[in-house]
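Here's the structure, in structure tokens; my notes come after.
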Amino acid sequence: MIKVHYHLPGLFEFYEFYKVFLPLYREHRDWFYEWCDIASIYGAPEGSLWGGGRTSFGKADARDVLALMDEFAISASLTFSNSLLKEEHLADKKCNELCRLFESAKIPAGIIVHSDLLLDYLKEKYPDLYLISSTTKVLTDFEDLRSELDRADFKYVVPDFRLNKAFDKLATLTQEEKDKVEFLCNEYCDINCSSRKACYENVSRKNLATSGEEIPDHKCTSPEGKGGYKFSKAMKNPAFISILDIQNTYLPMGFSNFKIEGRGLGSALLLEFILYYMTKPEYHLQVREEIYLDSMLDLF
């Protein structure tokens with residue numbers, strides 16, 4: 001049976017959550033669907049110059065994070081998808097130290113990248129890290145996606161969510177190409193948004209800002225964007241990938257990799273994503289109780 005491989009958010013941001021959840025996941029594996037697993041957890045620590053996609057607030061110690069991933073045999077992916085990097089940024093001490101550390105992972109670790117400049121640097125300096133093409137490239141044209149999939153540099157490619165339901169075109173991919181597609185399941189962004197690239201670039205610019213430099217926030221013009229993320233509304237997005245879509249459409253087509261967004265949304269929402277995508281309905285309450293009643297965990 002083909003397994004669904006989930007790529008979960010918050011490697012650094014939700015470290016305390018995963019310290020509680022992962023032992024529960026291992027001890028009570030029967031509470032969770034047998035046809036899925038956790039392939040990777042992605043994220044970046046606070047103040048990562050190479051960071052992109054979302055501004056990270058993860059404060060967990062990198063060695064503690066890596067030890068947790070090693071203990072549970074889960075791949076760690078560093079989100080280094082800044083799109084505005086220049087040559088001088090490649091020498092950043094913190095990001096290079098993170099790469100060196102994660103090269104020592106027991107389960108090979110990855111880097112989510114946007115910049116080809118960074119990609120070439122990583123290939124030369126840290127060849128043991130695999131690479132993922134970031135959704136921040138906003139690959140909405142199917143032929144652009146196919147070209148990206150055909151690049152030997154990448155283990156996975158995350159297309160723009162607006163290609164999620166392009167089934168006629170997705171069906172034309174080879175199995176090798178399908179194995180590299182990592183669909184973004186639960187995007188909240190308006191499917192007609194025309195400023196998605198600008199939004200991502202704003203985050204990249206913020207990460208590169210010097211001390212004291214103020215970068216204005218990107219102004220989202222979507223009516224839905226003003227209310228913040230709501231999973232119930234994300235489910236109504238035409239590009240939303242439901243658990244039934246995964247089971248009845250994507251798996252039979254040969255797709256098996258699915259990314260859950262949510263690094264900036266809080267651990268309470270992360271729990272809801274895990275309940276929906278991974279947990280058998282009859283065990284939702286048990287999982288909630290184990291997580292919420294853990295006195296060491298501050299859900300928000």
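Quantities reported herein were computed from a predicted structural model and do not represent experimental measurements.
The shortest non-hydrogen separation linking Tyr130 to Pro108 is CE2-O, 3.3 Å. Minimum interatomic distance between Glu13 and Gly43 (heavy atoms only, all atoms of both residues): OE1-CA, 3.9 Å. Contact record, Pro252 with Asn248: CG-O, 3.4 Å, taken as the closest heavy-atom pair. The nearest pair of heavy atoms linking Pro281 to Tyr33 is CD-OH, 3.3 Å. Scanning both residues, Tyr18 and Leu8, for their nearest heavy atoms gives OH-CB, 3.4 Å. Closest approach of Ser115 to Asn82, counting heavy atoms only: CB-O, 3.7 Å.
The shortest distance between side-chain heavy atoms of Phe72 and Ile38 does not fall below 4.5 Å. Inter-residue side-chain proximity for Ile132 and Lys259 is flagged as unmet; no heavy-atom pair is nearer than 4.5 Å. Between Pro127 and Glu103 there is a side-chain heavy-atom pair separated by less than 4.5 Å. You'll find the side chain of Phe240 reaches within 4.5 Å of the side chain of Asn186, heavy atoms only. Using a 4.5 Å cut-off on side-chain heavy atoms (C-beta onward), Val158 and Ile112 make no contact. For the pair Phe154 and Leu119, the minimum side-chain heavy-atom distance is below 4.5 Å. Residues Leu22 and Met69 have side chains in contact (heavy-atom distance under 4.5 Å, counting atoms from C-beta outward). Using a 4.5 Å cut-off on side-chain heavy atoms (C-beta onward), Ile246 and Tyr6 make contact.
Listed by first and then second residue, the salt bridge (charged side-chain N to carboxylate O under 4.0 Å, His left out) pairs that reach into residues 107-126 are Asp116-Arg151, Lys123-Asp153, sequence neighbours excluded.
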Query raised in the report: Please walk me through it: do Tyr283 and His28 pass side chain to side chain contact (heavy atoms under 4.5 Å, CB included)?
Result: CA-CA 10 Å; Tyr283 293 111; His28 296 284; over 6 Å; no

Query raised in the report: Run the side-chain hydrogen bond (donor to acceptor under 3.5 Å, both in side chains) check on Ser242 and Asp245 step by step: do they pass?
Result: CA-CA 5 Å; Ser242 71; Asp245 291 333; 3.1 Å; yes

**Report entry** Chi angles and distances behind the side chain to side chain contact (heavy atoms under 4.5 Å, CB included) call for Val113, Tyr121
**Finding:** CA-CA 11 Å; Val113 295; Tyr121 178 79; over 6 Å; no

Requested in this report: Take Lys94 and Glu97 through the salt bridge (Lys or Arg N to Asp or Glu O under 4.0 Å) test and state the conclusion after the steps.
Outcome: CA-CA 5 Å; Lys94 179 176 183 177; Glu97 286 178 348; over 6 Å; no

Requested in this report: I would like to know whether Phe255 and Leu173 meet side chain to side chain contact (heavy atoms under 4.5 Å, CB included); could you show each step before the answer?
Outcome: CA-CA 10 Å; Phe255 295 102; Leu173 297 175; 4.1 Å; yes

Report task. Take Tyr277 and Phe32, measure what ring-ring contact (aromatic ring centres under 6.0 Å, His included) needs, and give me the verdict at the end. Result -> CA-CA 9 Å; Tyr277 282 107; Phe32 302 90; over 10 Å; no

Report task. Dump the intermediate steps for side chain to side chain contact (heavy atoms under 4.5 Å, CB included) on Val181 and Asn257, then the final yes or no. Result -> CA-CA 6 Å; Val181 177; Asn257 286 285; over 6 Å; no

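Side chain of Ser48 to backbone of Phe80: no donor-acceptor contact under 3.5 angstrom is found. Distance alone, capped at 3.5 Å, places no donor-acceptor pair between the Glu261 side chain and the Leu184 backbone. The closest donor-acceptor contact from the side chain of Asn164 to the backbone of Ala239 lies under 3.5 Å. No donor-acceptor pair under 3.5 Å is formed between the side chain of His89 and the backbone N or O of Trp50. Although no hydrogens or angles enter the test, the distance criterion places no donor-acceptor pair under 3.5 Å between the side chain of His114 and the main chain of Ser134. Within the 3.5 Å criterion, the main-chain N or O of Ile243 finds a donor-acceptor partner in the side chain of Tyr276.
When hydrophobic clusters are built by joining Ile, Leu, Val, Met, Phe, Trp and Tyr residues whose side-chain heavy atoms come closer than 4.5 Å, directly or via intermediates, Leu131 is not grouped with Ile107.
Separating the NZ atom in Lys155 from the OG atom in Ser77 is a distance of 8.5 Å, to the nearest 0.5 Å. Going from atom OG of Ser104 over to atom CG of Asp70 covers 7.0 Å, rounded to the nearest 0.5 Å. Note that CH2 of Trp31 is 11.5 Å distant from NZ of Lys280, once rounded to the nearest 0.5 Å. Once rounded to the nearest 0.5 Å, the distance linking NZ of Lys178 with OG of Ser256 reads 11.0 Å. From Tyr188, atom OH reaches atom NZ of Lys236 across 10.0 Å, with rounding to the nearest 0.5 Å. Atoms OH and OG, on Tyr15 and Ser267 in that order, are 14.5 Å from each other to the nearest 0.5 Å.
Heavy atoms from other residues, nucleotides or ligands lying under 6.0 Å from CG of Asp30 number more than 12. Taking a 6.0 Å sphere around CD of Glu88, one finds it holds more than 12 heavy atoms contributed by other residues, nucleotides or ligands.
Ring centers of Tyr156 and His7: under 6.0 Å apart, within the cut-off. Residues Phe273 and Phe258 keep their aromatic ring centres 6.0 Å or farther apart.
Under the rule for a side-chain hydrogen bond (donor to acceptor under 3.5 Å, both in side chains), the partners of Thr174 that lie at least two apart in sequence or sit in another chain are Glu177. Remark: Tyr126 pairs with Asn96, Arg100 by the side-chain hydrogen bond (donor to acceptor under 3.5 Å, both in side chains) rule, at least two apart or across chains.
Taking a cutoff of 4.0 Å between a charged side-chain nitrogen and a carboxylate oxygen, Glu143 and Arg146 qualify as a salt bridge.
Ring-plane geometry between Phe17 and Phe21 is classed as parallel, the angle between the planes falling under 30 degrees on a 0 to 90 degree scale with a further cut at 60. Ring pair Phe12/Phe102 is tilted by interplanar angle, where 30° to 60° counts as tilted.
Each of Ile241, Val138, Asn237, Thr140 was compared with Phe161 under the side-chain contact (heavy atoms from CB on, under 4.5 Å) criterion, and only Asn237 meets it. Here the options are Lys3, Arg29, His5, the test is side-chain hydrogen bond (donor to acceptor under 3.5 Å, both in side chains), and the partner is Asp37; only His5 passes.
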